[in-house]
Amino acid sequence: MAFLEVEGLGRDFPGVRALDDVSLKLELGRVHVLAGENGAGKSTLVKLITGSDPSPTRGRIVIDGKDVAENPEKFRFIAYVPQELSLFPHLSVAENLFIPYDRADFTGRLVSQRALEREAQVYLDRFAITAKPSALVRNISVPDQQLLQIARASTNKHMKVLILDEPTSSLTTTEVERVFSVVKSFRDTGHAIVFISHKMGEVLEIGDDFTVLRNGEKVADGRIADITERDLIRAMSGSEVSFEEHFRPTPPAEPPSGPPVLEVKNLSGHRFHDVSFELRHGEILGFAGLLGAGRSEVMQTIFGYLKAKTGTVRLRGQPHVLGDTSHSVGHGLLYLSEERKLHGILPQLSVRENIGVSILKQTMARFGISSSKERALVKQIIAAYDIKTASMEKKIFFLSGGNQQKAIIGRAMATSPSVLIFDEPTKGIDVRTKAEIYKIMKRLAESGVGIILISSEMDELRKCASRIVTMYAGRQTGSFDNATTSNETLIGAIFGSGSHSNAA
Amino acid sequence: MQRKNLSFLLANPLAGVFVALLIIFVLSALLSPYFLTSYNMSVIARSLAFVGLVTVGQSMLLILGELDLSLGVIGGLCGVVAGMLMMTVGVNPWVAIVLGLAFGGVLGFFNGIMVTQLGLHSLVLTIGTAGIYGGINLVLTKGVAITNIPKQIQFLGRGDIVGIPVPFIIMIVVLAIAAFVTLKTPFGRYLYAIGNNPAAAAMLGIKVNRVRVLTFTAAGMLAALAGLLMVSRLGTAQPSIGDTWVLPPIAASVIGGVATTGGVGTPVGAILGAAIIGIIENIIVLFGVSPYWQGVVSGTIVVLAISFDAISRRYMRRDA
Amino acid sequence: MKKLTVALLTASAILFTGAAFAGDLPGLIKKDSFRFVIVPKVVHPWFDLVNDGAKHAAAVIEAQTGAKVTIEYSAPQQADVVQQNQILESTIATRPDGIAIDLLDPSGNRAPLEEAVEQGIQVSVFDSVPPEGMALTAIGNDFCEQAEIASERLVKLLNEEGEVAIMMGVPSAPNHAIRAECHKKVFEKYPKIKLVATGIDNDDIETAQKQAAAIMQANPNLKGWVACDAAGPIGVAQAITEAGKAGKITLVGLDNLPEMLQAIRDGVADSSSSTKPQMQGYWAVMTMWQKALGVETPKTIDTGIAVLTKDNID
């Protein structure tokens, strides 16, 4: 007997059929994987079964044997952990856990700080969160924040169903293990878990059942044990994405003469020390490491966003001025940040304006920016990078993550850079779009743009990079030729076991 | 076809505030026989001119995600300084005006430098500098106006060309330049980019601090221009000039669709907002509303105007 | 036929002589309604008293002549020339018969005043001085005299000895500045009177109270207070009460706001040297009325100063 049952569920928005005829059964004591590309209808479905969107167009939801249309209080069994961190950064860990207080038995008029923190410690222990209950959330680590979000959902005493939306998107392998053990313990105590993730390996490891959505419809479901990764990807994308293939750029026929594209010597800065490497013509240079290993800091320092302490950088043989982003951009060195929301998009502006701000040199006419030129160029970029948007006047904020990322890449490419640094370019992006971004990187590298790729997914680095530099705790621990290095060697370097080098 | 044209017009973000302005205008014309007289129109246009100049500067700062509460005081101080240069030092009045404008730029520049170099919040900083600039004003004048401003420049504030007050013409020219800069130049695009997301703007290689300082400087100069025009209008350099230019430009900007969080809106919208406020101030006197009720009445009209804008926008979104 | 002609001729002759008579002497044409606007410096209780006087005058004219007289009251929210000019201009647009205004700054108000005169609107000025060269009737009192009466009284009460302080109003308001200056001159005449502090209250009771409290803290031997605006002495009286120094510190106040009168009744303030706002409002309307009828009015009307004490206020 399923605890939660969805029958023929549909949801229309003006002009869009977001969800149609979806049925789903969640059983207690099992982990149900919900898979699908960005925009497949996963969040629409989740909003309906959490009750945050209370008006399905068709179909019904039955929780604990009762139709929620008549018994909306049944939604209290559902706990939801969104993908984006939605904590209160200036409140303490304990306060974040129990807010709003009436939800978690702190029903009195006054909230005792001490009682709150004592109660919080119980949850922190259960989730292996190292932060103190009194610490402010903005000061604790990202993995702790992610776990805290799950812990917060579970303070709901009525919880029977836990929905996790991409709970591991900013976590490294060890931290993923912490999430998994939490998920397993919930499963073993008789909860139903809905697990949403783009990481196929994780899905296959933790899942018991699965449902795949595509274009708002259910296209496949069954038991995880019965399928392979390839089946799952095919169901999600509706086409064969050959995922075995790699995207490493083909080296140029003859090695180019002249200096390397980028040469970094003994660079030190905020949270990293003494980093040296060179980026050669036509290659993708991968950077591997744990979260906080200092990879982003190195790149942001080269780019000029952070201040350098010592060291030199040469761009195509010329000394590069550090500490000035506009100098970097002017000389064709671009950095695409991991934090799309924080560092990438201009949320309130349209796709046209977002791209337009980087191509002002091309669009300037005698009487200011020519809107016809701008529209034509932006149209080209939208086509070239396959950015899916209803119109170029749509606010970029409303685009899916993958399309935002493609817009940002398109915008960067419009300035014809010579070095492009990608920092976690596929975070939170579905499999097919990932493959598209890999192809773009490969194409760029082969056309002579120097590419640096920071990624926490070893798989991604192995697929794309020509060489891989590893970092651990702010120090460079090795430099490896991708094709000839074993996973073990790389993992060792990432975890800081001695200094390594392999044919680099 | 007709409908399509209409909905295209309504899709413009300024449509709501423009229609609100139109409604207030038509209602005023219907309800007061004095409203549409050419004298009254020129009264409204002239008073809109002064606060409008400050509004143009303030709206650009708001788009940038900043705010300058000292703009009104800058206007007053620059008027006083230019007045002293003319009357006490004996500088040629036109030169004094240019120096007054430059001084406004310097004061705005100082605000910008403090905000960018020390990373201060502009709201807090400019509360402080407003105190400093206002204090300098009192020190210089001891609170006494500088009188007998030369007749030759009074034309700037009092004169009119084909019946249109000169300050209003100056404000419209400034607005046209500001509209061109914000919509058609790289600098304008940078304003919006920074207002949306300063970190992303820096990542795009925009010289964020330079844009900020320049905008503060420009806003300071516009405030000084308003102050100088007011001096030539009054024929005296009043220390209290600018006292009423602090909140109305911010309110006007917000009514006109500029977000206080930055990145959204246009100076043209802000001026439409200022026009709404200006007409409200005018009709309150025309109708003889008791001074004790003026706040209630003008506040109500403002709330109605912005509600109208918000509702029409929501309606448009649903339609789109 | 002949009779009719005679009648017509007689009638026209009567009419003609009447008209000729009216043309010779102003004020004889009957006018049925008048609209006058009072424009004060700012929203402030003192001006409400002016308004009361203006309404009184309107009622008197109505009662005596049967003409309808409307008084409108339009005040700036802030004491700012720019705002006052805006109100003045908007008021001119409504074409009233007369405007009575308390000028914030005579030269700064000049341009709109000239516009009013040009458009044939009668202007009377009260509580202030008209711009140079403009022939407007001014109703008011001698501010210096008002201050001198207050400070001389304080000096007498203190037996010409001790520390005193002045609560100054808005530094940029000319009448406040004149009063402060005249207070000072009086104190300088007496060698044993020592002026130890001058506060600035910006015509605001709360500010006056804070300033006065601070000044009394800093000068424990303070014996007496005078003020330069209507709000100041009320704040000072509150500060004296709060410090428990009623009876130990002598306050000679200014003007006749209800709180001022209460302070005198309570014995916190000795007395007040008061302008007569009601009388200013009354005569402002009377002069506008006369001018609207075409009658010339005096250049100035001095409404005089009253010394209000416990004995004469109730």
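In the text below, chain A, chain B and the rest are named by the order of the sequence lines, each starting its count at 1.
- The heavy-atom pair separating B:Val285 from C:Ile87 by the smallest distance is CG1-O, 3.7 Å.
- With a 6.0 Å radius and a threshold of 12 heavy atoms from other residues, nucleotides or ligands, C:Gln119 has its CD atom above the threshold.
- Only the side chain of C:Asp48 comes within less than 4.5 Å of a heavy atom of chain B; its backbone N, CA, C and O stay farther away.
- No part of B:Val231 comes within reach of chain C, as not one of its non-hydrogen atoms sits under 4.5 angstrom from that chain.
- We find the CD-CG distance between C:Gln83 and B:Asp243 to be 9.5 Å, quoted to the nearest 0.5 Å.
- Residues C:Asp105 and B:Leu234 are not in side-chain contact: their nearest non-hydrogen atoms beyond the backbone lie 4.5 Å or more apart.
- The environment of CH2 in C:Trp283 is sparse: at most 12 heavy-atom neighbours from other residues, nucleotides or ligands sit within 6.0 Å.
- Note that the CD1 atom of B:Ile284 and the CD atom of C:Gln86 stand 11.5 Å from one another [nearest 0.5 Å].
- Interface residue B:Ser240: backbone and side-chain heavy atoms are both found under 4.5 Å from chain C.
- The contact between C:Asn85 and chain B is made entirely by side chain atoms (from C-beta outward), counting heavy-atom distances below 4.5 Å.
- Atom-to-atom distance recorded for C:Arg95:CZ and B:Thr37:OG1 is 9.0 Å, nearest 0.5 angstrom.
- Residue B:Arg46 touches chain C through its side chain alone, counting heavy-atom pairs closer than 4.5 Å.
- Heavy-atom minimum distance, C:Ser90 versus B:Asn40: CA-OD1, 4.4 Å.
- Taking CD of B:Gln154 as the reference point, atom CZ of C:Arg110 lies at 9.0 Å (rounded to 0.5 Å).
- Looking at C:Leu104, there are no atoms closer than 4.5 Å to chain B (heavy atoms on both sides), in backbone or side chain.
- Highest contact tally toward chain C, considering only B:Pro33, B:Ser32, B:Ser47, B:Gly288, is held by B:Ser47 [criterion: heavy-atom pairs under 4.5 Å].
- The CG atom of B:Asn282 sits 10.0 Å away from atom OG1 of C:Thr94, with the distance rounded to the nearest 0.5 Å.
- Across C:Thr91, C:Val170, C:Val81, C:Val37, the residue that shares the most heavy-atom pairs under 4.5 angstrom with chain B is C:Val81.
- Both the backbone and the side chain of C:Glu89 come within contact range of chain B, each with at least one heavy atom under 4.5 Å from a heavy atom of that chain.
- When each of C:Ala75, C:Pro40, C:Ala79, C:Pro76 is scored by its heavy-atom pairs under 4.5 Å with chain B, the top score falls to C:Ala75.
- Of the residues considered (B:Met230, B:Arg233, B:Arg158), B:Arg233 shows the highest number of contacts with chain C, using heavy-atom pairs under 4.5 Å.
- The line from CD of C:Gln84 to OG1 of B:Thr244 is 12.0 Å long, rounded to the nearest 0.5 Å.
- No more than 12 heavy atoms of other residues, nucleotides or ligands shown are found within 6.0 angstrom of NZ on B:Lys151.
- Inspection of the B:Tyr39 and C:Glu115 side chains reveals an N or O donor paired with an N or O acceptor under 3.5 Å.
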